[in-house]
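Start at 1 and go down the list; that is how both ligands and their atoms are numbered.
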Amino acid sequence: MSLQIIVGAQWGDEGKGRIVDWFAAGADFSARYNGGDNAGHTVTVGKRIFKLHLIPSGIIHPQVTAVLGNGMVLNPRALFDEMEKLHKLGISVAPERLRVSYAAHLITPAHHALDKALEAARGKDNIGTTGRGIGPAYTDKATRRGLRVADMLAPNFDERIGDHVAETNRTLNMLNASALDPAPVCAEYRGYAERLKPHIADTSIELDAAMRAGKIVLVEGAQGTLLDVDFGTYPFVTSSSTTAPGALTGLGLGLDAARDASVIGVVKAFQTRVGSGPFPTELSGDLALRLRGTGANPWDEYGTTTGRPRRVGWLDGVLLRYAVRINGISELTVTKLDILSGLESIKLCTAYRRDGKTLTDLPFGPADLSPYEPVYEELPGWSEDVSGVRQWADLPKAAQTYLERISRLAGVPICLVSVGPERNQVISREK
Ligand code: IMP
């Protein structure tokens, strides 16, 4: 397949970074199509831990060209910080390796201020955003007053930035939030424009040419299906199309690219969520602490971007089946199986119950999950540490049964299981 799309099947944080890293070993391009530095993808290679927010994780592989697509919203300050960090770790971020779409939108300090002011104004009904200015930048895009990367090449870029800050100040004033001085923002962004120039390209043309030449394009979704602006737990979602079809519009690929695509869904062996919104299988108490971890390990359930503790719960099979349908997932990778070792039994939500009826599909999507009660199946756990297992047959029988049950519920095969943070802690399943 020349187009491989990796998507999160839950609320983000499924461990997509390390799965992308696995597939990127065989890819020529690694592209992102949505979101911005609200994402956090972690890849562990020996003693080196790469925490990436904007740049696709595939860049760690020397043969890969990284692409930031038109569907993204870019904070140049975060981008240059990340480029510097990669450079220090010996990863080239030269213009020929890091391509930025002219049509991606820019995030500015005014968007950050507005994101925070809007959250404060929502009070207890806040969304729990990452505060990275994502929503306000996509709002500007939809209302057709956004700043695009291509604007950095225009002679009046300064003026446009000044107008944008002045315009945002009017809204900040209405929200009783402090206004920003446009001058330092203009100066800062002028500098970014100079530095970004050699990276700016029509990445749609470059990806199209690559695919026609038989190159493999690996596409990295950020966040997850249930945070999609159309198909997620609206309004507790992010502001972009996180699902696989969004990869086409977010990268400027036509439908013919999809003919030769595989969609790989990443699902954690249990369920997590950061921020507000519904979560039917959420756990509290000791079991929640056990699944979340204390925060002492890099893989414990605390946000990569914000450090917030994640909410945790049992795997929700109803929402997983929904994610398979919405994305067109052809195979699944299951992450963090090792975390479940030592539990006496594991619950899996296989359906919802409402008014005495059992449902396996949602009548109106997942926006309002409050009327449903999860129906659980309880499966035996396993005591063995699975972090050293590399073959499916060597997994404890109970772990195999749990995975088979997930696969049957989802209706698609499992191609990969991760059992630890290291690059090689993976079980690849022969088809
Ligand atoms: P925003 O994307 O910052 O506007 O945040 C909207 C919602 O999406 C909040 O609940 C965030 O916690 C959540 N969110 C955004 N990005 C991520 C991510 O990469 N992983 C998990 N949750 C995210």
Checklist entry - Can you tell which of T242, L227, N38, T238 gets a heavy atom nearest to atom 14 (N) of ligand 1? => result L227
Checklist outcome for this item: ligand 1 to W11, heavy atom cutoff 4.0 Å, flagged ligand atoms 21 (C), 22 (N)
Checklist entry - Given D37, which of R132, R77, K51 fulfils the salt bridge (Lys or Arg N to Asp or Glu O under 4.0 Å) condition? => result R132
Checklist entry - For ligand 1, is any non-hydrogen atom under 4.0 Å from F236's backbone (N, CA, C, O), its side chain (CB onward), both, or neither? => result neither
Item to check | SB check R122 E119 (cutoff 4.0 Å) | outcome: yes
Checklist entry - Is K347 salt-bridged to E377, cutoff N-O under 4.0 Å? => result no
Checklist entry - Using a heavy-atom cut-off of under 4.0 Å, does the side chain or the backbone of R308 touch ligand 1, or both, or neither? => result side chain
Please list, one pair per line, the donor and acceptor atoms closer than 3.5 Å that link side chains of residues 408-422 to other protein atoms, with sequence neighbours excluded.
unit_1	atom_1	unit_2	atom_2	d
S418	OG	K336	N	3.3
E422	OE1	G46	N	3.2

Checklist entry - For the side chain of T203 and the backbone of E206, is there at least one donor-acceptor N/O pair under 3.5 Å apart? => result no
Item to check | Under-4.0 Å heavy-atom contact with ligand 1, by part of V237 that carries it | outcome: backbone
Checklist entry - Any luck finding a side-chain donor-acceptor pair between D21 and S57 under 3.5 Å? => result no
Item to check | Closest protein heavy atom to atom 21 (C) of ligand 1, given as residue, atom name and distance to 0.1 Å | outcome: D13 OD2, 3.1 Å
Item to check | Heavy-atom proximity to atom 10 (O) of ligand 1, best of T130, V274, N126, I134 | outcome: V274
Checklist entry - What protein heavy atom sits nearest atom 9 (C) of ligand 1, and how far away is it? => result G128 O, 3.2 Å
Item to check | Minimum-distance protein heavy atom relative to atom 5 (O) of ligand 1 | outcome: T129 CA, 3.4 Å
Checklist entry - Do the charged groups of E373 and R354 touch, with an N to O distance under 4.0 Å? => result no
Item to check | Nearest-contact summary for atom 17 (C) of ligand 1 - protein heavy atom, Å | outcome: Q223 CG, 3.5 Å
